[in-house]
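Let me begin by presenting the structure, written as C-alpha cells, before commenting on it.
Computed from heavy atoms alone, side chains included, the values below leave out hydrogens, waters and symmetry copies. Labels below follow one simple rule: chain letters A, B, ... track the order of the sequence lines, proteins then strands, and each chain is numbered from 1.
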Number of protein chains: 2
Amino acid sequence: MPVLVMKFGGTSVATLDRIRRAAKRVGVEVAKGYDVIVIVSAMSGETNKLVGFVEETSPLFDAREYDAVVSSGENVTAGLMALTLQEMDVPARSWQGWQVPLMTTSAHSSARIVDIPTDNINRKFGEGMKVAVVAGFQGISSEGRITTLGRGGSDTTAVAFAAAFDAERCDIYTDVDGVYTTDPRICEKARKLDKIAFEEMLELASLGAKVLQTRSVELAMRYNVKLRVLSSFEEQSDEAGTLVCDEEEIMELNVVSGVAHSRDEAKMTLISVADRPGIAAAIFTPLSESGINVDMIVQNISEDGRTDMTFSCPTNQVARAEEALKKAKDAGHINFHDLVADTNVCKISVVGIGMRSHTGVAAKMFKVLSDEGINIKVITTSEIKISVLIDRKYMELAVQSLHDAFDLDKAA
Amino acid sequence: MPVLVMKFGGTSVATLDRIRRAAKRVGVEVAKGYDVIVIVSAMSGETNKLVGFVEETSPLFDAREYDAVVSSGENVTAGLMALTLQEMDVPARSWQGWQVPLMTTSAHSSARIVDIPTDNINRKFGEGMKVAVVAGFQGISSEGRITTLGRGGSDTTAVAFAAAFDAERCDIYTDVDGVYTTDPRICEKARKLDKIAFEEMLELASLGAKVLQTRSVELAMRYNVKLRVLSSFEEQSDEAGTLVCDEEEIMELNVVSGVAHSRDEAKMTLISVADRPGIAAAIFTPLSESGINVDMIVQNISEDGRTDMTFSCPTNQVARAEEALKKAKDAGHINFHDLVADTNVCKISVVGIGMRSHTGVAAKMFKVLSDEGINIKVITTSEIKISVLIDRKYMELAVQSLHDAFDLDKAA
C-alpha cells in the first residue's frame with residue numbers, strides 16, 4: 001500500500017470536535033487506499049502549560065525532566081485521535097516516540113532524529129491497521145530517556161516519517177490554507193501559491209514566514225519529501241494548499257515567488273572603527289559568543305584608516321549586543337567612536353529560484369523602492385534572495401509596491 | 001543503603017506548592033540516609049479530565065488507548081517532582097512505567113503487576129541518585145503497550161515497589177493523618193490508631209474506609225510490607241500516622257479496633273420462596289451473572305415448605321437486581337410471592353483481630369444496639385468482623401454507642 005503522512009498541529013487538534021474533523025480527513029485518505037501515518041501535536045495551549053510548570057518549578061531545569069514532562073501533551077492527542085478513528089471504524093492505534101522507537105541524539109529539548117525503524121509499524125500495517133497515530137515532537141535517546149525535538153518538532157517528525165516510510169507525500173494541516181506570495185494581512189492582492197520550491201520555502205521560513213519550520217523544510221529537501229501545506233479548517237480537494245517540492249517538479253519557475261517582511265530586526269552601527277586586518281573578527285567573535293544572531297553585515301568605505309561597520313540582529317538582542325561590544329571595547333579588543341542602535345527598521349526580502357538564471361531583479365527592486373521615495377539602509381543578497389533594511393514606516397508600502405511590480409498577483 | 005518508598009496521592013501533588021511540600025518530606029528521609037523511591041499520582045483533577053476526554057470520544061473505548069491517554073497525568077507529576085528535588089540539591093530522576101520497566105498483565109485499565117526488575121533503578125542508586133520518582137498507576141504489557149492498574153493503582157504501585165526493593169517501609173501520604181477507630185465526622189471521640197493489623201485494615205477498607213485501597217493492603221499483607229498512612233499536610237514525626245503491619249508487631253491486640261459504617265447498602269427480600277434444594281443457587285446465579293455484588297445473605301426458617309430470602313447489595317445495583325430476579329421468575333427458574341427492596345438501611349461493623357481469641361463481642365454488640373432500641377435486620381460475621389444492617393436513621397447513634405461500649409476512645 002502507498003503510505004501517506006498527515007500532520008495536524010495544535011490548533012487542528014485543540015478540541016475533541018477538531019480532532020473529529022481531522023480524523024474525517026484521515027478517513028478520506030484511508031478510503032483512497034493509503035496506509036496513513038498521522039503525526040499529532042499537543043492540544044493547543046497544553047505544551048505552554050507544561051513548559052510553564054517546569055519553568056516555575058526549576059528555572060535552570062534538567063532538560064531530561066523537561067522533556068519527560070512536556071512530551072506528555074502529544075501522548076494524550078495521539079490516544080484520542082486513535083480512539084476517534086476507531087469510532088469511525090478505521091483500524092488505528094497510537095504510538096509514543098519510545099514505542100516506534102524514534103531514536104534521537106541525547107541533546108535534550110533540541111534532539112536530532114537519528115533513526116526511525118519501520119518494522120513495528122509496518123508489521124501492524126501488514127496485520128490490517130490502517131492508521132498509525134504517532135505522538136509528534138518526541139523520541140528516545142540511546143540511554144532510554146525521553147527526548148524532544150524543540151519547537152516545530154512535530155513538522156520535523158512528520159517529514160522524517162515520510163522519508164523513513166518512503167511516503168508518497170507529507171501533508172501538513174495547519175491554520176492557514178497554504179503558502180502565499182506575501183502576508184495577506186499587509187497586501188490584499190497576496191495570492192496562494194500552488195507550488196513552491198524547497199529552496200524558496202527555506203528562505204521564506206527563515207525570513208519569518210510561520211507556515212513551516214526551517215528544519216522540517218531542510219529535511220524534506222534532503223530526502224526529497226513532497227510537502228503539502230493545507231488548512232484543517234476547510235474541506236479539501238486533492239489540489240488544495242501549497243505543494244513544497246523539488247524545483248524540477250515545477251514547470252515554470254518564478255523569477256520572484258514571494259515578498260517577505262520582518263519587523264523583528266534592528267540595525268546597529270559602530271561608528272569610526274579602526275580599519276585594520278582582523279577587525280571584523282574582533283567585532284563579531286564577542287557577538288557570536290554572546291549568542292547574538294547577526295544577519296546582515298555592511299562595511300563602509302574606509303577613510304583615513306577608519307570605517308563604519310553596520311549589522312542587523314533581532315530587536316530583543318540589541319541590549320545584549322551593546323553589552324558585548326562595550327565589554328570588548330573596554331578590554332581593548334576593538335576601538336570605536338560610537339555605537340548607534342536603530343530599532344525603527346524592518347527587513348523586506350524578495351525570494352525566487354528563477355533569480356539564478358534571471359538578472360535585473362535587484363535593480364528592479366531598488367528602482368521600485370526608490371520610486372516610492374524609500375531609502376535603503378542595508379542590502380544583502382543570496383543566490384535566490386535579496387533583502388534590504390528600510391524605515392519601518394514604509395513596510396506596507398514596500399511590500400505592496402514590490403508585489404505589484406513583480407506581478408505576484410498573477411499566476412505564472 | 002536502606003530503601004524507603006513514599007507515595008503521594010493526587011491532593012498531595014495538586015499544585016506546584018504542594019509538590020514542593022512533598023519534596024521537602026522526601027528530603028528529610030534522604031537526609032536520614034535512605035535511598036527513596038517516590039510514587040506519585042496525577043495532580044488531582046487531571047485523571048478525571050483525561051478520562052472525560054476518552055469517554056466523550058469513544059463511549060466503548062479501546063482500553064489500550066484509554067491507558068495510553070490516562071497514564072500521562074502521572075508522567076507530568078513524576079517529572080515535576082524530580083525537578084523540585086533537584087532544585088533542593090537532592091539527586092533525583094523520574095521513571096515512567098515502561099522505563100522501569102514495571103511489567104503487568106495485558107488486562108488494560110485493570111492490569112495486575114507481574115514483575116518489577118530492580119536493576120535499572122539500583123544501578124542509578126549506585127551511581128549516586130538518591131531518589132527515583134516513579135509515575136504510579138501505570139506499567140507496560142509484554143506486547144509493549146502502556147497499561148494502567150485501575151483506581152487506587154498508585155497505592156498498589158507503591159506497595160509492589162516496597163516488596164520488590166525490600167523497603168524498610170512504605171509511607172502513604174494522603175489527606176488524612178491516619179486510620180481512625182471510626183469516622184471522626186460521625187463520632188467526635190474517634191481516635192487515631194498508632195498501629196493496625198493487615199487483616200483489620202483489609203476489613204475496614206472493604207467496609208468503605210477510603211484511606212487505603214483493598215488491593216494494596218492485600219499485597220502488603222502477602223509480602224509483609226510495613227505500610228504507614230500519614231498526612232502530607234502536616235509536619236510529621238517518625239511516629240506520625242498509622243502503621244499497618246503484621247499482627248505480630250502489635251503488642252496488645254485490640255479485641256475491637258474500629259467501628260465502620262456504610263450508607264451504600266440496600267436490603268432486598270424475596271418473600272415466600274419455595275424451600276427446595278438448589279434454591280439459593282437458583283437465586284444467586286442470575287444475580288452474579290448480572291454483576292450484582294451480594295454482601296450479606298439470610299434465610300428465614302422454613303414454614304410449610306416456603307421461606308423468605310434476604311440479601312444486601314449496593315444501593316445503585318437495586319434496579320439491576322430486581323430485573324435479574326424478575327427475569328429468573330418469568331423463566332420459571334425461581335418462584336416467589338413478592339420482592340421488597342429497602343434502601344433505607346445502613347451497615348454497621350465492628351472489626352478487631354482480637355475477636356479470634358475473645359468471645360462475647362457479638363453478644364455485647366447486640367446488647368448495646370438493643371439497649372438503644374435499635375432493631376437488627378440482618379447479621380453477618382467473619383473471623384474478625386461482625387456486621388449488621390439497621391435502619392439508616394440510627395446510624396450515628398449506633399456508631400457512637402458501640403465506640404463508647406468498646407472503649408475505643410482509650411488507647412489499648
Side-chain angles (χ1 to χ4, degrees), chain A residues 13 15-17 19-20 23 42-43 46 49-50 52-88 91-101 120 124 133 135 138 140 143-146, chain B residues 13 15-17 19-20 23 42-43 46 49-50 52-88 91-101 120 124 133 135 138 140 143-146:
Chain A
V13 293
T15 63
L16 299 185
D17 269 345
I19 291 176
R20 261 189 291 273
M43 295 166 98
E46 278 303 305
K49 185 186 88 178
L50 295 170
F53 280 164
V54 169
E55 290 178 343
E56 192 181 332
T57 299
S58 177
L60 300 168
F61 49 76
D62 176 349
R64 294 166 298 190
E65 299 300 345
Y66 172 96
D67 285 356
V69 171
V70 169
S71 60
S72 71
E74 278 74 13
N75 294 344
V76 171
T77 328
L80 294 176
M81 174 64 86
L83 286 166
T84 307
L85 287 161
Q86 290 176 0
E87 278 293 301
M88 294 162 46
R93 74 156 270 197
S94 68
W95 301 79
Q96 301 188 2
W98 60 271
Q99 289 177 315
V100 173
N120 286 337
K124 287 290 169 185
V133 185
Q138 61 179 252
I140 177 177
E143 293 88 19
R145 302 292 301 258
I146 293 168
Chain B
V13 293
T15 64
L16 298 185
D17 268 345
I19 292 175
R20 260 190 292 273
M43 295 164 99
E46 278 303 305
K49 186 186 87 178
L50 295 170
F53 280 165
V54 169
E55 290 178 343
E56 192 181 332
T57 299
S58 177
L60 299 168
F61 50 77
D62 176 348
R64 294 166 299 190
E65 299 299 344
Y66 172 97
D67 285 355
V69 171
V70 169
S71 59
S72 70
E74 277 74 12
N75 294 343
V76 171
T77 328
L80 294 176
M81 175 64 86
L83 286 166
T84 307
L85 287 161
Q86 290 176 1
E87 277 295 300
M88 293 162 46
R93 72 156 272 198
S94 69
W95 301 80
Q96 301 188 1
W98 60 272
Q99 289 177 315
V100 173
N120 286 336
K124 288 289 169 186
V133 186
Q138 61 179 251
I140 178 177
E143 294 88 21
R145 302 291 302 259
I146 293 167

Rounded to the nearest 0.5 Å, how far does [atom2] of [Y] lie from [atom1] of [X]?
X: A:Thr57; Y: B:Asp17; atom1: OG1; atom2: CG; result: 10.0 Å
X: B:Gln96; Y: A:Gln96; atom1: CD; atom2: CD; result: 7.5 Å
X: B:Glu65; Y: A:Met81; atom1: CD; atom2: CE; result: 12.0 Å

Could you tell me whether a side-chain N or O of A:Gln86 sits under 3.5 Å from a main-chain N or O of B:Phe61, the two making a donor and an acceptor?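 Side chain of A:Gln86 to backbone of B:Phe61, a donor-acceptor pair under 3.5 Å: no, none is there.
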
Donor-acceptor pair, B:Glu56 side chain versus A:Leu16 backbone, under 3.5 Å?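 Checked: no pair found.
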
Pick from B:Leu83, B:Asp67, B:Asn75: which one has the most heavy-atom pairs with chain A under 4.5 Å?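 Maximum pair count with chain A is reached by B:Leu83.
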
When only pairs under 4.5 Å are counted, which of B:Asn120, B:Leu60, B:Ile146, B:Val70 shares the most heavy-atom pairs with chain A?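 The residue among B:Asn120, B:Leu60, B:Ile146, B:Val70 with the greatest pair count is B:Ile146.
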
Just wondering, do A:Ile140 and B:Trp98 contact through their side chains at under 4.5 Å, heavy atoms?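 Sidechains of A:Ile140 and B:Trp98: in contact.
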
Is any side-chain heavy atom of B:Leu80 less than 4.5 Å from a side-chain heavy atom of A:Val54?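 A side-chain contact exists here, since the closest heavy-atom pair is under 4.5 Å.
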
With sequence neighbours excluded, what pairs up with B:Ala78 under the side-chain contact (heavy atoms from CB on, under 4.5 Å) test?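 Only B:Val40, B:Ser94, B:Val133, B:Ala135 meet the side-chain contact (heavy atoms from CB on, under 4.5 Å) criterion with B:Ala78.
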
Not counting sequence neighbours, which residues clear side-chain contact (heavy atoms from CB on, under 4.5 Å) with B:Arg64? List them please.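 Per chain and number, B:Arg64 pairs via side-chain contact (heavy atoms from CB on, under 4.5 Å) with B:Asp62, B:His108, B:Arg145.
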
On a heavy-atom basis, which atom in B:Gln99 and which in A:Gly144 lie closest, and how many Å separate them?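 Taking every non-hydrogen atom into account, NE2-O, 3.0 Å.
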
Considering only heavy atoms, which portion of A:Met43 lies under 4.5 Å from any heavy atom of chain B: side chain, backbone, both, or neither?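 Contact with chain B: side chain only.
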
Below 4.5 Å, heavy-atom pairs only: which of A:Ser58, A:Ser72, A:Gly79 has the largest tally toward chain B?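 Among the listed options, the one with the most contacts to chain B is A:Ser58.
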
